[in-house]
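Below is one structure, written out as structure tokens, with a few remarks after it.
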Amino acid sequence: SGVEPALATEGGDVCVQMYTSGTTGHPKGVQLTNDNLMALLPQVTSGRWVEWRAADVSLVVMPLFHVAGSVYALCGLFVGARNVMLREVVPQQVLDSVARSHVTKLLLVPAVILFLLQSPGIREAELASLEMIFYGASPIPVELLRSALQILKCGFAQIYGLTETTAGITMLGPE
């Protein structure tokens with residue numbers, strides 16, 4: 001009938017279940033609550049880590065089945081930013097999307113940063129809108145980070161977290 005259901009929710013209600021093998025290697029479901037997300041999102045978007053604005057354009061390319069991809073996407077939604085989503089990681093599509101949509105924020109893993117830097121048109125790509133690339137999920141070689149800083153010319157922030165902590169719990173900022 002076009003009427004939205006009025007479902008009561010509580011802070012302790014589970015709103016998403018993510019899967020991880022963590023350090024044990026055995027898959028397990030991690031239940032994240034409304035309170036988990038509402039404790040995290042204001043902290044990571046309010047400038048304590050990096051300032052997010054409604055004017056931001058966030059490119060979501062990491063898998064949504066992973067806590068990093070899904071919570072990163074929620075950061076943009078939380079502040080009213082525009083999220084641009086790609087179905088899969090194709091380096092040229094990432095570069096094209098940054099240029100076409102004037103992307104300001106992007107979350108990548110180091111392997112994808114390497115793939116971008118190896119793309120044939122990387123030095124000619126229009127990437128001036130990029131302000132910040134968040135990275136994590138694995139260590140980044142120092143030389144890769146140096147090359148990325150030189151070529152991509154934006155801030156880089158390393159995020160560390162766990163599925164069990166609703167993603168990021170600490171950040172090494174651009175400075």
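Note that the structure is a prediction, hence the values are computed from the model and not measured.
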- Between Val14 and Leu40, is there a shared hydrophobic cluster once you connect ILVMFWY residues whose side-chain heavy atoms come closer than 4.5 Å? no
- Query: Closest heavy-atom contact between His102 and Ser129?
  - Reply: C-OG, 3.2 Å
- Message: I want to check something: taking the side chain as every heavy atom from C-beta on, are Cys15 and Leu37 in contact at a cut-off of under 4.5 Å?
- Response: yes
- For atom CZ of Phe115, is the number of surrounding heavy atoms from other residues, nucleotides or ligands below 6.0 Å larger than 12? no
- Message: Would you say Val90 ends up clustered with Val103 if hydrophobic residues are merged whenever their side chains have heavy atoms under 4.5 Å apart, either directly or through other cluster members?
- Response: no
- Tyr135 vs Val109 side-chain heavy atoms within contact, under 4.5 Å: no
- Item | Atom pair CG/CE of Leu106 and Met132 - distance to nearest 0.5 Å | 11.5 Å
- Evaluate the criterion side-chain contact (heavy atoms from CB on, under 4.5 Å) for residue pair Leu95 and Ser119; output intermediate values, then yes/no. CA-CA 9 Å; Leu95 297 174; Ser119 295; 3.8 Å; yes
- Message: A side-chain contact here means heavy atoms from C-beta on lying under 4.5 Å apart; do Met171 and Val50 qualify?
- Response: yes
- Path from Phe134 to Leu149 over hydrophobic side-chain contacts below 4.5 Å: yes
- Item | Atom pair CG/CG of Leu41 and Leu77 - distance to nearest 0.5 Å | 9.5 Å
- Message: When you compare the side chain of Leu144 with that of Pro110, does any pair of heavy atoms fall below 4.5 Å?
- Response: yes
- Under the side-chain contact (heavy atoms from CB on, under 4.5 Å) rule, what do Met62 and Val89 come out as? Steps first, then yes or no, please. CA-CA 7 Å; Met62 294 290 93; Val89 178; 3.6 Å; yes
- Check the pair Tyr160, Ile169 against side-chain contact (heavy atoms from CB on, under 4.5 Å), reporting the backbone distance first and the verdict last. CA-CA 6 Å; Tyr160 176 79; Ile169 57 173; 4.1 Å; yes
- So, do Phe156 and Ile113 sit near enough that their side-chain heavy atoms are less than 4.5 Å apart? yes
- Task: Please indicate whether Glu124 has more than 12 foreign heavy atoms, meaning atoms of other residues, nucleotides or ligands, lying under 6.0 Å from its CD.
- Result: yes
- Once you round to the nearest 0.5 Å, how far does CD of Gln150 lie from CG of Leu117? 10.0 Å
- Message: Using the rule that Ile, Leu, Val, Met, Phe, Trp and Tyr join whenever any side-chain heavy atoms are under 4.5 Å apart, tell me whether Leu107 and Leu172 fall into a single cluster.
- Response: no
- Query: Going through the checks in order, is the salt bridge (Lys or Arg N to Asp or Glu O under 4.0 Å) test met by Glu51 and Lys105?
  - Reply: CA-CA 11 Å; Glu51 186 71 37; Lys105 290 187 171 49; over 6 Å; no
- Message: Under a 3.5 Å distance rule, please check whether Asn83 uses its side chain to pair with a backbone N or O of Ala73 as donor and acceptor.
- Response: yes
- Query: Pro141 and Pro139: which non-hydrogen atoms are nearest, and at how many Å?
  - Reply: CD-O, 3.9 Å
- Using a 4.5 Å cut-off on heavy atoms from C-beta on, say whether the side chain of Ile151 contacts that of Arg123. yes
- Item | Side chain to side chain, Glu88 and Val61, heavy atoms closer than 4.5 Å | no
- Leu162, Val67, Val30 screened by side chain to side chain contact (heavy atoms under 4.5 Å, CB included) with Thr20, the one that passes: Val30
- Please report the shortest heavy-atom distance between Met85 and Leu64, naming the atom on each side. CE-CD1, 3.2 Å
- Item | Main-chain N/O of Thr166 paired to Asn36 side chain as donor or acceptor, under 3.5 Å | no
- Item | Spacing of Gln93 atom CD and Leu59 atom CG [to the nearest 0.5 Å] | 10.5 Å
- Message: Can you tell whether the side chains of Glu131 and Arg53 come within less than 4.0 Å, N to carboxylate O?
- Response: yes
- Task: Could you check if a side-chain atom of Thr104 sits within less than 4.5 angstrom of a side-chain atom of Leu130, using non-hydrogen atoms only?
- Result: no
- Query: Should Cys75 and Val44 be marked as a side-chain contact (heavy atoms from CB on, under 4.5 Å) after you check the CA-CA gap, both sets of side-chain angles, and the distance that decides it?
  - Reply: CA-CA 8 Å; Cys75 288; Val44 300; 3.7 Å; yes
- Query: Strictly by modelled atom types, are Gln17 and Tyr19 linked by a side-chain donor-acceptor pair under 3.5 Å?
  - Reply: yes
- Task: Give the C-alpha distance, both sets of side-chain angles, the deciding distance and a yes or no for ring-ring contact (aromatic ring centres under 6.0 Å, His included) between Tyr72 and Trp52.
- Result: CA-CA 11 Å; Tyr72 173 75; Trp52 283 73; 5.7 Å; yes
- Query: Looking only at heavy atoms, what is the nearest atom pair of His66 and Met18, with distance?
  - Reply: C-CE, 3.4 Å
- Message: Using 0.5 Å steps for rounding, measure from the CE atom of Met38 to the OG1 atom of Thr33.
- Response: 11.0 Å
- Could you state the interatomic distance from CG (Asp13) to CG (Asp35), rounded to the nearest 0.5 Å? 9.0 Å
